[in-house]
Participant: 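Input: one structure, supplied below.
First listed ligand is number 1; within each ligand, the first listed atom is number 1. Fair warning: this is a prediction, and the values are worked out from it, not measured in the lab.
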Amino acid sequence: MKPKTDRRVKIGIIGCGAIGSRIARSITKDFQRDCRLTGIYDIDQNKVDRLSQSLSLSEIAKRSMTELIRSCDCLVEAVTAKNTRSIIRQALAAKKSVLCMSVGKLLNSSDLFLLAKKNHCHLLLPSGAIAGLDAIKAASLVGIDTISLTTRKPPVGFEDNPYLKKKGIDPSKIKKKTLIFEGSVAQAVKAFPRNINVAATLTLAARASQKILVRIIVSPEYKTNSHTVELTGTFGRIVTQTDNLVCPDNPKTSYLAVLSGLQTLKQYCSGVFIGT
Ligand SMILES: NC(=O)c1ccc[n+]([C@@H]2O[C@H](COP(=O)([O-])OP(=O)(O)OC[C@H]3O[C@@H](n4cnc5c(N)ncnc54)[C@H](O)[C@@H]3O)[C@@H](O)[C@H]2O)c1
């Protein structure tokens, strides 16, 4: 009798930090029906060893990105690297699909989208810390008239921000609701690189980057990082809001962003896409 073929999607993860580790644990614990973890890699080898040991899967520890890419069908990118784009390019060039967590790196990256298309593989982008991308993408088909992203955050996390320093704003001295920024996505990305993933995800979904007005409001009263997206057009009006708690493993990351990465992977591996 022929041995049964394992048809589950083989997943490799680059970046064994907060997001990569959590995705690794979910694959081995909850997603085993549709996929299996075949490789993990990080520039910090200690992280690779710790994670593979905690999962009791020593064989998944890879010593190079090339070895990692070879081991999988789909690469989960969860790195904080300067060369993220070239990591994604290397995987797509090898005809591997990529779930990209660092969506901010995909602004002005039409070359990567074209490469994915040419090589018949997928570039998967999670919705991250915002809601309603399904409706926003649908609305973009007929055109969006106005669109704004308002981010509300506590002052913590804005210390040492060069843009605020230049403006003479000391976040620790903010005592009431204060608008610290209003401008375009391009300006927001420059001034607040930590907010780049949300702005980039909205830009790519709405296909209306010139129109998006970004506001950042800070107040010590805020206990969550919240994002309100509002748009109008011939479809009507959409308003969405998320109040995000931080990821238990990393206070810099919204928990919903990690969960959205997991859900995107689950849909891709199971082949069932709901509301995407
Ligand atoms: N899409 C979203 O809404 C969203 C939300 C939160 C975070 N993110 C992004 O996800 C990425 C990962 O976030 P995190 O919280 O897990 O970060 P983290 O700092 O916890 O982990 C990043 C890991 O990448 C590793 N790394 C850095 N350069 C590398 C390289 N060249 N090759 C291999 N590994 C490398 C680091 O050693 C580290 O272990 C970040 O780029 C972050 O901006 C996206």
Side-chain angles (χ1 to χ4, degrees), residues 12-27 39-52 54 60-69 71-72 75-91 96 98-107 109 112 123-133 136 149 151 153 157 185 188-189 192-206 214 224-227 229 240 242-265 268 276:
I13 299 177
I14 185 158
C16 301
I19 296 181
S21 302
R22 195 162 262 268
I23 291 181
R25 282 196 289 273
S26 292
I27 291 171
I40 58 171
Y41 173 70
D42 195 294
I43 37 163
D44 183 342
Q45 279 301 319
N46 290 328
K47 288 189 177 181
V48 177
D49 294 337
R50 268 203 308 271
L51 183 59
S52 61
S54 76
I60 65 170
K62 303 298 175 200
R63 298 292 170 221
S64 72
M65 193 162 72
T66 311
E67 204 189 325
L68 172 75
I69 291 173
S71 78
C72 68
L75 180 76
V76 175
E77 173 279 313
V79 297
T80 41
K82 283 213 171 83
N83 64 334
T84 308
R85 281 171 44 86
S86 84
I87 291 173
I88 297 170
R89 184 176 293 108
Q90 195 175 324
K96 309 295 168 98
V98 179
L99 167 65
C100 171
M101 288 307 303
S102 308
V103 184
K105 302 279 180 171
L106 294 181
L107 276 176
S109 295
L112 295 178
L123 200 41
L124 309 165
L125 311 186
S127 50
I130 51 175
L133 282 190
I136 295 167
L149 165 69
T151 295
K153 289 189 173 186
V185 169
V189 159
F192 300 95
R194 279 193 200 161
N195 278 355
I196 193 173
N197 289 309
V198 168
T201 306
L202 186 61
T203 299
L204 292 167
V214 181
T224 59
N225 292 343
S226 89
H227 302 288
V229 178
T240 75
T242 50
D243 295 324
N244 293 296
L245 294 177
V246 297
C247 181
D249 317 329
N250 184 348
K252 282 194 225 142
T253 295
S254 295
Y255 196 17
L256 186 68
V258 184
L259 296 173
S260 81
L262 279 170
Q263 181 58 21
T264 305
L265 191 65
Y268 174 72
T276 53

Participant: Assess, by modelled atom type and distance only, whether the side chains of E77 and S102 contain a donor and an acceptor separated by less than 3.5 Å.
Facilitator: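 A donor-acceptor contact under 3.5 Å links the two side chains.
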Participant: If we only count N/O pairs under 3.5 Å, is D42 in contact with ligand 1?
Facilitator: yes
Participant: Report yes if some N/O of G15 lies less than 3.5 Å from some N/O of ligand 1; otherwise report no.
Facilitator: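 N/O-N/O distance below 3.5 Å does not exist for this pair.
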Participant: Could you tell me whether some N/O pair between N197 and ligand 1 is separated by less than 3.5 angstrom?
Facilitator: yes
Participant: Checking the N or O distance criterion of under 3.5 Å, is ligand 1 in contact with I14?
Facilitator: no
Participant: Near A78, which atoms of ligand 1 are under 4.0 Å from a heavy atom of that residue?
Facilitator: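 Counting from 1, the qualifying ligand atoms are 12 (C), 22 (C), 23 (C), 24 (O).
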Participant: Check whether any N or O atom of Y41, backbone or side chain, sits under 3.5 Å from an N or O atom of ligand 1, and answer yes or no.
Facilitator: no
Participant: Under a 4.0 angstrom heavy-atom cut-off, which atoms of ligand 1 come close to A257?
Facilitator: 3 (O), 5 (C)
Participant: I'd like to check whether A81 has a polar contact with ligand 1, where a contact means an N/O of the residue lying under 3.5 Å from an N/O of the ligand.
Facilitator: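 By distance alone, the answer is no.
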Participant: I need the minimum non-hydrogen distance between C247 and R22, along with the two atoms involved.
Facilitator: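 For C247 and R22, the tightest heavy-atom pair comes out as SG-NE, 4.1 Å.
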Participant: Which option, T80, T201, V103, D44, owns the non-hydrogen atom nearest atom 22 (C) of ligand 1?
Facilitator: T80
Participant: Judging by distance only, is a nitrogen or oxygen of I19 under 3.5 angstrom from one on ligand 1?
Facilitator: yes
Participant: Could you work out, for atom 31 (N) of ligand 1, the closest of V79, N83, L68, T84 by heavy-atom distance?
Facilitator: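 That would be N83.
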Participant: Would you check the N or O atoms of I87, main chain and side chain alike, for any that come under 3.5 Å of an N or O of ligand 1?
Facilitator: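 N/O-N/O distance below 3.5 Å does not exist for this pair.
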